[in-house]
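Just below is one structure, and these are the notes that go with it.
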Amino acid sequence: MAHLLEIKDLHVSVEEKELLHGVSLDVKAGETHVLMGPNGAGKSTLGYSVMGSPRYAVTSGSIVFDGEDITALSADKRAKKGIFLSFQAPVEIPGITLSSFLRSALEQQTGQRIKLWDFKKRLRETMALLQMDESYAERELNVGFSGGEKKKAEILQLLMLRPKLAILDETDSGLDVDAVRTVSQGIHEFQKNPENSLLIITHNTRLLASLSVDKAHVLVGGRIAAQGGAELVDEINAAGFEKYLTVE
Amino acid sequence: MKEKTQVEHLNESLYDFRFDEDDADRFESGITPQIIREIAEEKGDPDWMRDFRLKSLEIYNKTPMVDWGPSIEGLDMSQIVTYIRPKTRMRTDWNEVPDDIKSTFERLGIPQAERESLAGVGAQYDSELVYHNVRREVAEQGVVYTDLESAMHDERWADIIRTHFMKLVPPTDHKFAALHGAVWSGGSFVYVPKGVHLDIPLQSYFRLNAKGAGQFEHTLIILEEGSYLHFIEGCSAPKYFVASLHAGCVELYVGKNATLRYSTVENWSKNMYNLNTKRAIVEEGGKVEWVSGSFGSHVSYLYPMSILHGRGARAEFTGITFAGEGQNLDTGAKIVHAAPDTSSYVNTRSISKSGGISTFRSAVQINENAHGSKCSVSCESLMLDSQSRSDTIPAMDIRTNRADVGHEAKIGRISDEAVFYLMARGLSEEDAKALIVRGFADNVSKELPLEYAVEMNNLIGIEMKGSIG
Ligand SMILES: Nc1ncnc2c1ncn2[C@@H]1O[C@H](COP(=O)(O)OP(=O)(O)OP(=O)(O)O)[C@@H](O)[C@H]1O
Ligand SMILES: [Mg+2]
């Protein structure tokens, strides 16, 4: 299958400080990848860079998505091409409800008006799948949501917006057992489309237990320290990152 | 325009005057008693009103120019004199209406007839029909809702108008109050009898029906004991006049245990000097609620005042201002606690963008007798870039130690993180910022009826794109 995401020798800096020192990583359409690494390794930085945060400057290397070099594209254009980032810390946006935000985001992406009735119906179904109370749809986006609720709301957005590639940045952290199960149901739902790809950043193997993982990457100090199959996840789970830290 | 030269000459003396207040007597405005008599005659004023106008003119000529806020030196009084003069035909040509205003009309979907009227081009927008229907409906409850000019001639209302007109905002208040007293034109008169609770909001329709209306309109609202009214003046379309001055006046009398909600969304075209005076007096147990969205204008001076006159009277002021490129908006709220156990709550937001300047002044006075009173002022400003400015000037005059006063000011910038979050969901940078600004303005939009909130949000969207009249 074709490559959906190709990260080639990516160097990323924030305010003159280089955080990623040449990261390469490929994700094929339909694959699920896991990205692990100690705190501060640069995992979120990689996620932000792929999404196109203006704060993270790509100093060399490139990001190719669906065969097109997107390194210079702004985040909204990348979103429209089908990249989604579930934020490690979703931002609270007062003044717009989750529901009307989702509707306008959808309309922006498709460039078409969506019938309110159809939208509400799909929203209701998706919320039910994620065991979210319907009343959250009419609450202001993320405002006053608990940590876990914010993460569920990210998955709700993922399922509503239907991207091709979803980067989940610690979507499972801070969730109780039931919520982790719900989120993984959401991920399953996303995986139902065989073309959809995932890059899951996590410290936690609980979420991965019920998911089929194609590849795993270990990021240490802004560099890929190891790449492998699903077995790499178990290895890290058992032995931690120590082996890779000493390499550095 | 034959007076033009003369007036320009006078205009210079106006500047001289600004720098040398002692010469006040030498100053002449170019508005002569003769012009005022012509206005009075054209309108068929009762004698008392004609005399009131003449008296106001005298005061105007003696009163120094306002000098505490943004500069109004660019104000072209000569144009204003020409414009207010009866019988002079100062019709704007549609071709001369600035393009940015035309395009804003278009984006707001205003019909052509109304566009022309809003831009002061001849034909007046006919709102009579709507107005008559509303009037019939409210009349059944004994509510008077009419234009002030004709109400003056109705013997049932003549007295009450005479005893209330510019009693709360006397012509001596400041120079533009005096000017207003001399040349006012158009506006609404609302009278709600004792105990009447009006469920439907009344909307102002009179703005465009008289010469000079919309520029010097007068709103007089009287609520008797225990009544309720929501009055809305809302128009998101930019109001454009060749003569770039707006000096309206709003007087609100809120009786014992009555509640008046007064909502406005206004958008002045960006050549306007908006020197508007709004004031409310609230009797025992009564309440005034101001909801105000102020957009547009080149310079604004706007500080709605609430005088809490009876025990337990309350005032709430919720406002937002938006200062874009070339705009200097000096706004605020004044509260006078003049009775015990009164309370006030001021919550304002201001936005400045592309070099716009926004100054918020709060003036709170708590009199000696106003023990047990409470006042809370909170103002937040949002600067969208580093060229823009935002200032907060709180003034507190507390004359009793038995009062509870709180003041909070916050100045912020739009969060890059929030913009990125929204962009990551496919919103353009512009849309993301507009959305955040709307959220910031929701103190006001939450208080407005839905259709006005939608209008205001559209307006914010257009302002964020940076080209509006
Ligand atoms: N905007 C920034 N300014 C300065 N330093 C930054 C910035 N963003 C990230 N860093 C630094 O870059 C390094 C990588 O951060 P990043 O958030 O990518 O780590 P992470 O792998 O996601 O860690 P965690 O597992 O704790 O989420 C850290 O040392 C962090 O302090
Ligand atoms: Mg992280």
Side-chain angles (χ1 to χ4, degrees), chain A residues 14-15 44 47-56 73-98 100-112 140-143 150 153-154 156-158 160-163 165-167 169, chain B residues 291 293 318-320 322 347-351 378 380-382 384-385 410 412-448 450-461 463-465:
Chain A
V14 171
E15 289 149 14
S44 294
Y48 283 139
S49 304
V50 173
M51 193 68 243
S53 166
R55 205 161 177 186
Y56 295 82
L73 286 188
S74 58
D76 55 324
K77 300 223 171 73
R78 296 186 197 198
K80 284 180 181 142
K81 291 195 183 296
I83 303 181
F84 179 92
L85 171 66
S86 167
F87 281 58
Q88 186 170 357
V91 185
E92 300 194 359
I93 313 279
I96 187 162
T97 61
L98 174 58
S100 54
F101 170 67
L102 267 174
R103 187 163 172 230
S104 65
L106 261 174
E107 290 183 342
Q108 288 276 337
Q109 296 215 343
T110 56
Q112 277 166 355
E140 294 177 304
L141 183 55
N142 296 332
V143 177
K150 282 181 183 162
E154 293 288 281
L156 174 69
Q157 292 187 47
L158 164 68
M160 292 297 292
L161 295 174
R162 293 179 168 149
L165 169 71
I167 303 167
D169 192 354
Chain B
V291 180
T318 311
I320 181 113
F322 195 122
N347 173 10
T348 66
R349 310 272 162 95
S350 64
I351 300 158
S378 132
E380 274 183 62
S381 33
L382 180 67
L384 296 180
D385 47 54
K410 274 191 233 160
R413 290 183 188 283
I414 214 157
S415 133
D416 292 339
E417 217 191 332
V419 174
F420 174 58
Y421 181 74
L422 295 173
M423 286 178 75
R425 302 295 190 248
L427 272 67
S428 68
E429 185 175 348
E430 221 169 55
D431 288 342
K433 286 186 173 166
L435 196 155
I436 292 165
V437 171
R438 278 186 204 120
F440 181 74
D442 76 349
N443 64 327
V444 168
S445 52
K446 272 180 184 158
E447 297 294 327
L448 291 169
L450 186 64
E451 66 268 32
Y452 289 93
V454 168
E455 270 197 38
M456 192 179 91
N457 281 337
N458 284 340
L459 197 54
I460 291 175
E463 287 288 346
M464 292 300 292
K465 293 198 165 74

Could you pull out the closest heavy-atom pair between [X] and [Y], with the gap in Å?
X	Y	value
B:G426	A:A79	N-CB, 3.5 Å
B:F420	A:G52	CE1-C, 3.6 Å
B:E417	A:A89	OE2-O, 4.4 Å

Can you tell me if [X] has over 12 outside heavy atoms packed within less than 6.0 Å of its [atom1]?
X	atom1	value
A:E92	CD	yes
B:D385	CG	yes
A:K80	NZ	yes
B:R413	CZ	yes
A:R103	CZ	yes

Can you measure from [atom1] ([X]) to [atom2] ([Y]) and round to the nearest 0.5 angstrom?
X	Y	atom1	atom2	answer
B:L427	A:Q109	CG	CD	9.0 Å
A:I93	B:L435	CD1	CG	7.0 Å
A:M51	B:R425	CE	CZ	8.0 Å

> What part of A:L141 lies closer than 4.5 angstrom to a heavy atom of chain B: side chain, backbone, both or neither?
Replying inline: side chain
> With only heavy atoms counted, which part of A:Q157 is less than 4.5 Å from chain B, the side chain, the backbone, both or neither?
Replying inline: side chain
> Looking at B:A432, B:A441, B:A424, B:S428, which one has more heavy-atom pairs under 4.5 Å with chain A than the rest?
Replying inline: B:A424
> What orientation do B:Y421 and A:F101 show, parallel under 30°, tilted 30 to 60°, or perpendicular over 60°?
Replying inline: parallel
> Side chain of B:R438, backbone of A:P94: donor and acceptor closer than 3.5 Å?
Replying inline: no
> Looking at A:P163, A:G95, A:P54, which has the largest count of heavy-atom pairs under 4.5 Å with chain B?
Replying inline: A:G95
>> Any non-hydrogen side-chain atom of A:Q108 less than 4.5 Å from a side-chain atom of B:D431?
In response: yes
